[in-house]
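A quick write-up on the structure given underneath.
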Amino acid sequence: MAVSWTIMQVSIAKMYSMFSSVSNERIDCDPVGQRPDVECSDKKKGIIDLVLQGNDFGEIKLREMNGDSEFKYSSIDGGHRKRAIRDFIDCKFTTSNKAVARVGDKLIDVGHRLYKDLPEEVKMHFLQYGIRFTVYGKEMTDEEAGETFRCTNISTNVNDQEKRNSYLNNLVSMFVRETSRPIRGLNNDYHPLFTRNKNKKGEWYQPFYQKMTSRLRDDEYVTRLLVILNKPKNDANYLTCSADEAEDFYIENGNKTNGNWVKNPALMKSQTKKVINALNFIHKFAEARKSVVAKGIASKEMPFLIRLYAYWVREHGEDSIRVKDWNKFYNEFKLAWFCFVGDNATRTETNPDDKESRSVSACFVAYLQVHGDQKKSQQSVEWFLQEFDYANSGVVFLDPVRTFSREVREQVWIKQDKKCWVTGLPLAFEDAESGHIVAHTNGGRTTIDNCAVVHKDENAAMSTMDAMVYKVMRQDKMAA
């Protein structure tokens with residue numbers, strides 16, 4: 001059935017009344033499918049200046065909600081404009097320094113003023129300004145509302161993630177939003193990496209970033225991790241996330257009727273857990289960075305950390321990455337990073353690529369913005385790891401195989417002349433257990449050359465300790 005729609009025009013005064021919690025015609029200005037209300041004050045001031053000058057505000061799209069909603073209308077497009085007007089009347093920000101109001105034939109200087117401080121004739125002019133609404137009927141679905149948003153913004157500056165975010169009732173879109181930012185009215189437990197605070201001026205900032213992100217960039221990071229970390233193991237393009245790949249992931253997995261996450265909840269749990277693990281990794285890096293230089297992650301570092309983590313997961317396994325000292329990791333990361341980024345980059349040798357012949361460091365920086373090219377993504381990581389000293393980084397990779405087989409235990413037991421490796425005393429096989437000479441938690445491999453067969457009591461006492469350290473400690477204790 002075709003969606004019905006009507007045209008409605010109201011004054012700013014009427015629209016403002018529709019924001020009230022007691023209004024029978026209440027408008028939801030902050031639906032989850034719209035960009036979050038963290039836009040800069042300059043943009044809000046620009047919207048108010050436009051209205052004061054009497055210029056066209058543009059059309060706003062609403063949808064009429066069903067009776068079970070606390071709102072009569074929900075915003076499809078135009079949320080920034082509605083919020084700017086609401087917040088200006090609530091005296092949350094001033095006009096721009098050079099703002100001028102046009103009232104009839106008069107131009108009135110109203111620069112850097114709160115709404116309450118405007119001349120009465122300017123207030124009246126402002127409140128009488130007409131707003132045009134296109135209002136869609138109650139039969140409109142979430143999917144149709146999202147499609148309307150995307151069609152409305154087809155010729156405007158709307159990025160790929162903003163288009164994907166317009167999928168309202170989509171499980172992937174909901175996970176991405178609720179992981180990357182606070183949703184008004186939901187009180188969601190979003191990831192601490194994306195913490196948002198306000199400073200004394202009332203401006204938003206993110207303590208774990210050097211610069212506040214915008215345009216749903218954090219949503220994009222979460223989306224990229226979802227796509228990359230959940231590619232099949234045989235996918236050669238395991239570091240790429242093109243716009244088409246992301247769109248397909250939303251459609252195939254997030255549809256509430258027949259998407260993969262609805263049909264297989266365990267799949268959803270598994271795929272989203274991988275993302276949370278990655279964000280935990282990056283958050284720890286950000287905390288270390290702040291402890292060392294009192295600054296959050298730089299804009300170029302975030303996409304590379306995603307790429308590096310995904311590379312290590314593919315090389316060593318999902319649960320194999322351990323950082324035993326995050327300050328060491330940060331220091332070693334930056335030493336390698338400075339070989340490619342900054343005025344003192346040392347990787348100046350020429351590298352011919354498909355663009356031109358340029359230095360490796362120039363290619364590295366350029367490749368950080370390329371997300372759909374496996375060769376360039378992989379090359380950037382491999383260059384970086386040429387300069388990365390694992391021995392001083394605090395990073396270890398655990399063997400995905402945790403325990404030794406019975407056959408290995410028996411073979412080593414015989415080689416040890418059926419004696420305990422720790423005490424040297426005779427050892428019955430039924431009392432024998434195998435342990436790692438170099439502890440598994442320290443990166444020791446579960447291979448026969450790293451296996452020691454010990455009495456079960458000694459193995460229990462050793463726990464996760466390095467076996468050689470435990471052996472020396474025990475001998476010293478016995479000698480004392």
Side-chain angles (χ1 to χ4, degrees), residues 229 233 266 269-270 273-274 276-285 287-288 308-333 336 385 388-480:
L229 295 177
K233 291 191 177 296
K269 183 177 181 180
S270 170
K273 181 182 177 182
K274 293 177 183 179
I276 300 303
N277 288 342
L279 295 176
N280 290 343
F281 175 90
I282 298 171
H283 184 218
K284 289 289 187 182
F285 174 89
E287 288 182 319
L308 177 64
Y309 179 85
Y311 181 92
W312 277 344
V313 166
R314 183 57 64 109
E315 290 290 306
H316 302 285
E318 174 70 23
D319 298 317
S320 296
I321 305 170
R322 294 289 186 278
V323 180
K324 301 181 76 65
D325 188 320
W326 282 98
N327 283 350
K328 279 188 176 182
F329 174 67
Y330 168 75
N331 291 337
E332 190 54 42
F333 179 95
L385 292 178
F388 186 81
D389 185 356
Y390 279 109
N392 292 321
S393 69
V395 178
V396 296
F397 300 105
L398 307 187
D399 193 325
V401 179
R402 179 67 180 85
T403 58
F404 295 97
S405 67
R406 186 187 187 283
E407 289 75 14
V408 167
R409 175 158 43 102
E410 184 176 4
Q411 186 176 352
V412 174
W413 176 67
I414 292 173
K415 286 184 176 181
Q416 291 176 191
D417 197 25
K418 303 179 181 179
K419 294 179 181 179
C420 173
W421 182 83
V422 171
T423 65
L425 299 174
L427 177 62
F429 188 70
E430 58 267 25
D431 294 329
E433 292 182 356
S434 49
H436 292 75
I437 297 174
V438 177
H440 182 265
T441 55
N442 289 331
R445 312 306 292 174
T446 308
T447 53
I448 191 168
D449 59 324
N450 193 44
C451 178
V453 175
V454 301
H455 191 280
K456 59 185 180 182
D457 293 341
E458 302 296 342
N459 198 41
M462 183 165 51
S463 185
T464 60
M465 187 183 298
D466 186 282
M468 184 63 73
V469 172
Y470 175 79
K471 183 176 183 178
V472 172
M473 286 177 56
R474 190 184 187 286
Q475 289 174 345
D476 290 345
K477 183 178 179 180
M478 295 298 293

Got a second to check how far [X]'s [atom1] is from [Y]'s [atom2], nearest 0.5 Å?
X: D476; Y: M478; atom1: CG; atom2: CE; result: 11.5 Å
X: L229; Y: I276; atom1: CG; atom2: CD1; result: 11.0 Å
X: M473; Y: Y470; atom1: CE; atom2: OH; result: 8.5 Å
X: I282; Y: L308; atom1: CD1; atom2: CG; result: 9.5 Å

* Side chains of F404 and V412 in contact at under 4.5 Å (non-hydrogen atoms) ->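 Side chain of F404 against side chain of V412, heavy atoms only: no contact under 4.5 Å found.
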Which atom pairs, donor and acceptor, lie under 3.5 Å between side-chain atoms of residues 320-328 and protein residues at least two apart or in another chain?
from: S320; atom 1: OG; to: H316; atom 2: O; distance (Å): 2.6
from: S320; atom 1: OG; to: L398; atom 2: O; distance (Å): 3.0
from: R322; atom 1: NH1; to: D319; atom 2: O; distance (Å): 3.1
from: K324; atom 1: NZ; to: T441; atom 2: O; distance (Å): 3.4
from: K324; atom 1: NZ; to: N442; atom 2: OD1; distance (Å): 3.2
from: D325; atom 1: OD1; to: N327; atom 2: N; distance (Å): 3.1
from: D325; atom 1: OD1; to: K328; atom 2: N; distance (Å): 3.0
from: N327; atom 1: OD1; to: S291; atom 2: OG; distance (Å): 3.3

What side-chain donor-acceptor pairs closer than 3.5 Å can you find for residues 417-434, not counting sequence neighbours?
from: T423; atom 1: OG1; to: L425; atom 2: N; distance (Å): 3.2
from: E433; atom 1: OE1; to: N459; atom 2: ND2; distance (Å): 2.8

* Residue pair F329 / V395: nearest heavy atoms and the distance that separates them ->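 Minimum heavy-atom separation between F329 and V395: CD1-CG2, 3.4 Å.
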* To do: Mind listing the closest non-hydrogen atom pair of C451 and V408 along with its distance?
  =>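 Where C451 meets V408 most closely, the heavy atoms are SG-CG1, 4.1 Å.
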* Asked: Can the ring centres of F333 and F388 be said to be less than 6.0 Å apart?
  ->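 Distance test on ring centres: not under 6.0 Å, no.
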* Asked: Can you list every salt bridge (Lys or Arg N to Asp or Glu O under 4.0 Å) pair that touches residues 393-414, not counting sequence neighbours?
  ->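 For residues 393-414: D399-R445, R406-E410.
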* Keeping to residues at least two apart or across chains, list the ring-ring contact (aromatic ring centres under 6.0 Å, His included) pairs with something in residues 437-466. =>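 Residue pairs with at least one partner in residues 437-466: H436-H440.
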* Could you pull out all residues at least two apart from E315 that satisfy side-chain hydrogen bond (donor to acceptor under 3.5 Å, both in side chains)? =>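 Scan of E315 (side-chain hydrogen bond (donor to acceptor under 3.5 Å, both in side chains), adjacent residues dropped) gives none.
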* **For Y309, ring pair (Phe, Tyr, Trp, His ring centres under 6.0 Å) partners two or more places apart** =>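 Checked Y309 against ring pair (Phe, Tyr, Trp, His ring centres under 6.0 Å); matches are F281.
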